Peer 1: 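Take a look at this one; I'll ask things after.
Since this is a predicted model, take the numbers as computed values, not measurements. Numbered from 1 within each chain, the chains take letters A, B, ... in sequence-line order.
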2 protein chains.
Amino acid sequence: MTGQRRVIAHVLSEADDHPDVEELYRRASALDNRISVATVYRTVRLLEERGILERRDFGGGRARYEASENGCHYHLIDIDSGRVIEFENEELVSLLSQIAKKLGFDLVSHRAELFGRAEKGATADEGKNTSSEGKKSV
Amino acid sequence: MTGQRRVIAHVLSEADDHPDVEELYRRASALDNRISVATVYRTVRLLEERGILERRDFGGGRARYEASENGCHYHLIDIDSGRVIEFENEELVSLLSQIAKKLGFDLVSHRAELFGRAEKGATADEGKNTSSEGKKSV
DNA sequence: GTATGTGCAAACCTTTTGCCTGTCG
DNA sequence: CGACAGGCAAAAGGTTTGCACATAC
């Protein structure tokens, strides 16, 4: 465990969004300018292999990352603002694994992404991204 | 509407799998060898913009395409063989749109991908990809 | 004949890798 | 010292694009 990895790991644990490698590099460089992009790539790959980090694809050609948490969760992307909202839903988990079973498979992993538009008169806790609005249970 | 596009469109309409550009190029070339990869890329982009085609990402770094159909469907990817099985499930659609609603959003589109491993003594209609095993309702 | 499509190859962009140096224990 | 981590820059792999030529209508 070297200095660079510590910095990158720290950046990742602080992040509650879904940064891509470029953004991680930017944040890590701010803390320690002796870090190269290659190291960021190598580190995220390492962490992904160990299950500490998860790679996401929300379109746009670059991978984005987030810390693995216990319990799976899903993403709802606001198609107007690009904001990503995390949520968890047990019904969804069980429905999906039930479906896999019916098709003759054991569900190993899965993902679900919803793309939506905010309802006009909605609850929509918009405004300053209070940095830890966290995962919503729905 | 030129010859090349006609060929590519034809290949796409015939395909009931999820070919990537390389594969599309291979199939199209077999019908008309005066087609270049660039044209395939240009054509799929065009068709995607018009909503005729949908781009998918099942990992592996390359985009894969399939014809847009009315009614949404989902994918289960066999993590051992890479085979993709399509299915539809109404419960899933309604659950997802219900979730979006609870979060204050109108569901515009969505995707769900399951990654699974075939059960040992399963139904698993393996073997030659009978070319039109079609979409399963689960 | 003009507008649009195509082929080719070069350019692009993200990600990976080779190689040699730096760092940890 | 010995093994592993990092920097740099080059390479790789998928996708896009500039330009001159071909095709459609």
Peer 1: Could you list the residues that satisfy side-chain contact (heavy atoms from CB on, under 4.5 Å) with A:Ala15, not counting sequence neighbours?
Peer 2: A:Asp17, A:Pro19, A:Arg27
Peer 1: Residues in side-chain contact (heavy atoms from CB on, under 4.5 Å) with A:Gln4, at least two apart?
Peer 2: A:Thr2, A:Ile35, A:Thr39
Peer 1: To the nearest 0.5 Å, what is the distance between NZ on A:Lys101 and CG on A:Leu107?
Peer 2: 9.0 Å
Peer 1: Taking only side-chain nitrogens and oxygens of A:Arg5, does any of them come within less than 4.0 Å of OP1 or OP2 of D:dC4?
Peer 2: no
Peer 1: Below 3.5 Å is the cut-off: list the nitrogen or oxygen pairs between protein and nucleotides 21-25 of chain D, distance only.
Peer 2:
none

Peer 1: So do the side chains of B:Val93 and B:Tyr74 get within less than 4.5 Å of each other, counting heavy atoms only?
Peer 2: yes
Peer 1: Do B:Arg5 and B:Leu47 have side-chain heavy atoms sitting under 4.5 Å apart?
Peer 2: no
Peer 1: Figure out the CG/C1' separation between B:Asp32 and C:dG5, and round it to whole Å.
Peer 2: 14 Å
Peer 1: Listed by chain and number, what are the side-chain contact (heavy atoms from CB on, under 4.5 Å) partners of A:Ala38, not counting sequence neighbours?
Peer 2: A:Ser36, A:Arg42
Peer 1: If I take atom CG in residue A:Leu46 and atom P in nucleotide D:dC4, what distance separates them, rounded to the nearest angstrom?
Peer 2: 13 Å
Peer 1: Which letter, B, S or -, goes with each nucleotide of nucleotides 12-17 of chain D from 5' to 3', with contact meaning a protein heavy atom under 4.0 Å?
Peer 2: --SBBB
Peer 1: Testing the 3.5 Å rule here: is there a donor-acceptor pair between the side chains of A:Glu23 and A:His18?
Peer 2: no
Peer 1: Starting at CG of A:Asp57 and ending at C1' of C:dC13, how long is that distance when rounded to a whole Å?
Peer 2: 15 Å
Peer 1: Report the distance from atom CG of A:Leu24 to atom C1' of C:dT15, rounded to the nearest whole Å.
Peer 2: 14 Å
Peer 1: Filter on salt bridge (Lys or Arg N to Asp or Glu O under 4.0 Å), then keep only pairs touching residues 55-65 of chain B, sequence neighbours left out; what's left?
Peer 2: A:Arg111-B:Asp57, B:Asp20-B:Arg62, B:Glu22-B:Arg62, B:Glu48-B:Arg55, B:Glu54-B:Arg56, B:Arg56-B:Glu66
